*Asks:* 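Submitted below is the structure of interest, expressed as structure tokens.
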Amino acid sequence: MLDIKLIRSNPGKVKEALEKRKEKINLDEILKLDQKRRELLLEADALKEKRNTVSEEIGKLKREKKDAREKILAMKETSTKIKELDAQIKEIEEETAKILLEIPNIPHESVPVGEDEKDNTEIRRWGEPPKFDFTPLPHWDIGEALDILDFKQGAKIASARFTVLKGMGAKLERALINFMLDLHTNEHGYKEIFPPFLVNSETMTGTGQLPKFESDLFKCENGLYLVPTAEVPLTNLHRQEILNDDDLPLCYTAYTACFRKEAGSYGKDVRGLIRQHQFNKVELVKTCRPEDSYDELETLTQNAEEVLKRLEIPYRVIVLCTGDMGFSAAKTYDLEVWLPAQKKYREISSCSNCEDFQARRAMIRYRSKEKEKVNFVHTLNGSGLAIGRTLVAILENFQQKDGSVVIPNVLRPYMGGLEKITR
RNA sequence: GGAGGGGUGGCAGAGCGGCCGAAUGCACCGGUCUUGAAAACCGGCGAUACGAAAGUAUCCGUGGGUUCAAAUCCCACCCCCUCCGCCA
């Protein structure tokens with residue numbers, strides 16, 4: 001959520017920034033509402049002040065057993081007027097909130113301006129794409145041949161975009177989760193959290209999934225939603241709290257299953273594990289002081305990169321352009337892994353600084369030691385990493401001519417010492 | 001699912017419809033004392049909105065209602081705790 005004061009004081013700049021995201025938003029209406037609200041507030045406050053003083057006088061008269069009927073009658077009228085004004089103010093505030101909750105974040109000045117993914121810019125590359133003396137297969141072929149991925153069974157027991165992992169495939173998935181959590185907790189200083197996979201609508205609103213993106217979410221009949229990412233529960237852990245300066249930054253990591261409807265992605269990545277309704281992910285979330293957030297974004301991104309380095313999977317880092325960024329983000333780095341069968345880099349992690357956008361929605365604040373002032377924190381999140389896509393990268397990059405797949409060194413302790421998955 | 005109890009400031013915990021934004025304790029901040037710290041003593045100490053400021057208004061789980069006036073009375077909902085039932 002943007003600061004209404006920012007919109008009020010600098011509507012031109014806000015509009016310009018939002019246009020960089022190719023977002024057409026009319027700020028006139030919200031400015032008009034804001035103006036009206038302040039006028040009504042002034043009027044209502046004056047009447048309330050009057051009511052407060054007169055009510056006190058009435059109390060005094062009554063205690064002295066004097067007649068207060070005239071004042072009471074006059075206040076009855078004032079009270080009615082106040083009620084009317086309050087109702088109007090409330091309506092305007094609801095209307096304002098409705099608009100404000102649908103406006104995306106303003107991009108950071110360092111973000112390249114662009115239309116869509118073709119305007120994202122590469123920052124760095126790591127590792128060499130492997131050379132094969134045979135035609136590398138896509139992971140779905142490798143997985144089915146090894147009998148570790150079963151797309152048919154997934155479709156049978158659930159629907160399309162669900163997959164069953166079997167045998168060493170299931171174990172590899174589990175190994176990846178454990179390896180990543182161990183790395184982030186033991187070496188990167190994150191605290192491990194195991195949150196609920198279902199959350200309420202306030203929580204979804206706090207991080208920006210609601211109200212605008214309800215159609216992307218699975219909703220239960222009791223009103224709870226399945227989490228689309230652990231970013232949601234982790235960031236909301238401190239919703240409506242005022243945090244202590246000394247406790248920042250808070251660094252959390254969590255494994256959760258993630259659930260997405262993938263509405264609007266018909267025909268995209270229909271084969272394989274790339275785009276599923278349910279997938280596993282280890283997430284990184286930081287809550288920090290505003291002045292630290294861009295440094296924290298760099299280290300968070302490096303923490304995610306470290307996973308790929310240890311797994312020896314080639315990747316590149318790109319910075320998303322203004323037109324390709326998510327709703328809540330001010331700046332986003334994507335990590336993309338090399339997939340030999342597609343001969344392409346594909347997204348495996350997205351690391352964002354949301355600045356105070358989510359903090360303002362979720363009312364996450366901290367008390368600054370020096371200034372003795374309450375202020376919004378900045379929130380960051382990143383995948384560290386998406387498990388299913390990491391499994392894809394391993395299958396495709398470490399495939400052998402005989403159809404087997406070599407297990408990356410760091411995962412072997414998690415696989416009971418297994419070096420290779422064979423039929 | 002059934003029965004009972006309860007939601008007040010960072011925490012604990014008072015609160016006759018008007019003198020309650022709210023006692024008190026702890027925590028925290030500043031000061032005195034001390035070589036330094038602790039203790040003791042003195043002082044300060046919620047958030048939000050509007051406003052240049054002074055200030056004014058609002059907030060006692062949430063939403064409605066009664067009243068000139070609600071933390072306090074009424075209604076609905078949510079959450080927590082205890083007991084019973086069911087269950088991994």
Side-chain angles (χ1 to χ4, degrees), chain A residues 1-10 30-101 194-206 210 219-225 233 236-248 250 257 287 356 359-377:
Chain A
M1 195 160 68
L2 300 183
D3 188 356
I4 184 71
K5 285 179 193 153
L6 178 73
I7 299 176
R8 191 190 298 153
S9 65
N10 218 332
I30 203 162
L31 287 168
K32 222 165 72 192
L33 286 169
D34 180 52
Q35 180 64 32
K36 185 77 187 159
R37 172 179 173 269
R38 284 186 294 158
E39 282 166 16
L40 291 173
L41 209 53
L42 215 63
E43 199 180 334
D45 278 7
L47 287 177
K48 283 177 185 175
E49 184 182 2
K50 188 172 165 201
R51 182 180 67 183
N52 285 344
T53 51
V54 175
S55 285
E56 227 165 284
E57 288 166 20
I58 291 170
K60 201 187 257 174
L61 286 176
K62 289 221 162 179
R63 259 174 280 128
E64 290 165 0
K65 305 265 190 246
K66 289 183 186 158
D67 181 43
R69 257 179 297 179
E70 198 177 317
K71 282 178 194 272
I72 287 175
L73 210 64
M75 279 309 99
K76 206 163 197 152
E77 220 170 292
T78 308
S79 245
T80 312
K81 182 73 187 155
I82 288 172
K83 226 168 243 182
E84 281 169 24
L85 287 169
D86 274 350
Q88 278 184 63
I89 290 166
K90 196 183 165 207
E91 197 180 324
I92 286 175
E93 284 179 346
E94 281 169 1
E95 192 62 33
T96 308
K98 214 163 128 191
I99 298 172
L100 227 41
L101 286 172
F194 198 101
F197 291 5
L198 295 179
V199 298
N200 56 34
S201 63
E202 289 82 358
T203 298
M204 284 294 187
T205 306
L210 288 181
K219 188 179 187 177
C220 304
E221 34 81 77
N222 63 358
L224 296 177
Y225 296 85
N236 277 283
L237 246 25
H238 298 289
R239 177 153 49 84
Q240 284 170 342
E241 287 184 16
I242 298 175
L243 299 164
N244 202 328
D245 204 352
D246 301 328
D247 298 334
L248 300 177
L250 294 163
T287 302
D356 64 3
R360 183 168 271 118
R361 289 174 159 250
M363 289 291 281
I364 311 167
R365 295 171 292 172
Y366 79 106
R367 196 182 303 275
S368 155
K369 243 209 177 101
E370 312 84 58
K371 297 173 219 152
E372 266 298 306
K373 247 191 77 181
V374 171
N375 199 7
F376 289 109
V377 297

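Below, chain A is the first sequence line, B the second, and so on; all start at residue 1. Small disclaimer: the values here were computed from a predicted structure and weren't measured.
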*Asks:* Would you mind telling me which residue lines up with the more 5' stretch of RNA chain B, A/T53 or A/M75, judged by nearest nucleotide?
*Replies:*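 On the 5' side of the pair lies A/T53.
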*Asks:* Mind checking A/E56 for me? I need base, sugar-phosphate or nothing, with any heavy atom below 4.0 Å counting as a touch.
*Replies:* nothing
*Asks:* NA contact type, A/K60, heavy-atom cut-off 4.0 Å: base, sugar-phosphate, or nothing?
*Replies:* nothing
*Asks:* For B/G46, which nucleotide in any strand shown is its Watson-Crick or wobble partner with both distances under 3.5 Å?
*Replies:*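 When the pairing criteria are applied, B/C59 turns out to be the nucleotide that pairs with B/G46.
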*Asks:* It should be established whether A/K83 places a side-chain nitrogen or oxygen under 4.0 Å from OP1 or OP2 of nucleotide B/U66.
*Replies:* yes
*Asks:* Output yes when A/D34 and A/R38 qualify as a salt bridge under the 4.0 Å nitrogen-oxygen rule, no when they do not.
*Replies:* yes
*Asks:* Have a look at A/R8 and say if it touches a base, only the backbone sugar-phosphate, or nothing, with a 4.0 Å heavy-atom cut-off.
*Replies:*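 A/R8: backbone/sugar contact only, no base atoms under 4.0 Å.
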*Asks:* Which nucleotide, if any, forms a Watson-Crick or G-U wobble pair with B/G4, using both distances under 3.5 Å?
*Replies:* B/C81
*Asks:* A/E57 CD to B/C68 P: how many Å, rounded?
*Replies:*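 Value for this atom pair: 16 Å.
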*Asks:* Quickly work out the A/R51 CZ to B/G18 P distance and round it to whole Å.
*Replies:* 16 Å
*Asks:* Which nucleotide, if any, forms a Watson-Crick or G-U wobble pair with B/G36, using both distances under 3.5 Å?
*Replies:* none
*Asks:* In the strands shown, is B/C41 matched to any nucleotide by a Watson-Crick or G-U wobble pair with both distances under 3.5 Å, and which?
*Replies:* B/G31
*Asks:* Counting neighbours of CD on A/E93 that are heavy atoms of other residues, nucleotides or ligands and sit closer than 6.0 Å, is the number greater than 12?
*Replies:*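 Above 12, so yes.
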*Asks:* Reckon A/K50 touches a base, only the sugar-phosphate, or nothing at all at heavy-atom distances under 4.0 Å?
*Replies:* nothing
*Asks:* Provide, to the nearest angstrom, the distance between the CD1 atom belonging to A/I364 and the P atom belonging to B/U48.
*Replies:* 15 Å
*Asks:* Okay, side chain of A/R51, backbone of A/M75: is any donor-acceptor separation there less than 3.5 Å?
*Replies:*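 Pair absent, no side-chain N/O of A/R51 close to backbone of A/M75.
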*Asks:* Looking at every non-hydrogen atom in both residues, tell me the closest pair between A/R37 and A/I92 and how far apart they are.
*Replies:*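 Here A/R37 and A/I92 meet closest at CB-CG2, 3.8 Å.
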*Asks:* Suppose you measure atom C1' in B/A23 against the same atom in B/G13; what distance do you get, rounded to whole Å?
*Replies:* 10 Å
*Asks:* Identify whether any heavy atom of A/N52 sits under 4.0 Å from a base atom; if not, whether one sits that close to sugar-phosphate; answer base, sugar-phosphate or nothing.
*Replies:* sugar-phosphate
*Asks:* What is the pairing partner of B/C68, taking Watson-Crick or G-U wobble pairs with both distances under 3.5 Å in any strand?
*Replies:* B/G18
*Asks:* Is any NZ, NE, NH1 or NH2 atom of the basic residue among A/E57 and A/K71 found under 4.0 Å from an Asp or Glu carboxylate oxygen of the other?
*Replies:* yes
*Asks:* Have a look at A/L42 and say if it touches a base, only the backbone sugar-phosphate, or nothing, with a 4.0 Å heavy-atom cut-off.
*Replies:* sugar-phosphate
*Asks:* Under 4.0 Å, counting only non-hydrogen atoms across every strand here, what does A/K71 touch: a base, just sugar-phosphate, or nothing?
*Replies:* nothing
*Asks:* Quickly work out the A/E241 CD to B/A47 P distance and round it to whole Å.
*Replies:*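 So the two atoms are 16 Å apart, to the nearest Å.
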*Asks:* Are A/R69 and A/D67 close enough for a salt bridge, meaning some N to O gap below 4.0 Å?
*Replies:*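 Looking at A/R69 and A/D67, the cut-off is met.
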*Asks:* When the distance from NZ of A/K62 to C1' of B/G18 is rounded to whole Å, what number comes out?
*Replies:* 10 Å
*Asks:* Assign each of A/D45 and A/M363 to its nearest nucleotide of RNA chain B by heavy atoms, then name whichever residue's nucleotide is nearer the 5' end.
*Replies:*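 The 5'-side residue here is A/M363.
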*Asks:* Can you tell me the pairing partner of B/G25 across any strand shown, Watson-Crick or G-U wobble, with both distances under 3.5 angstrom?
*Replies:*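 Paired with B/C11.
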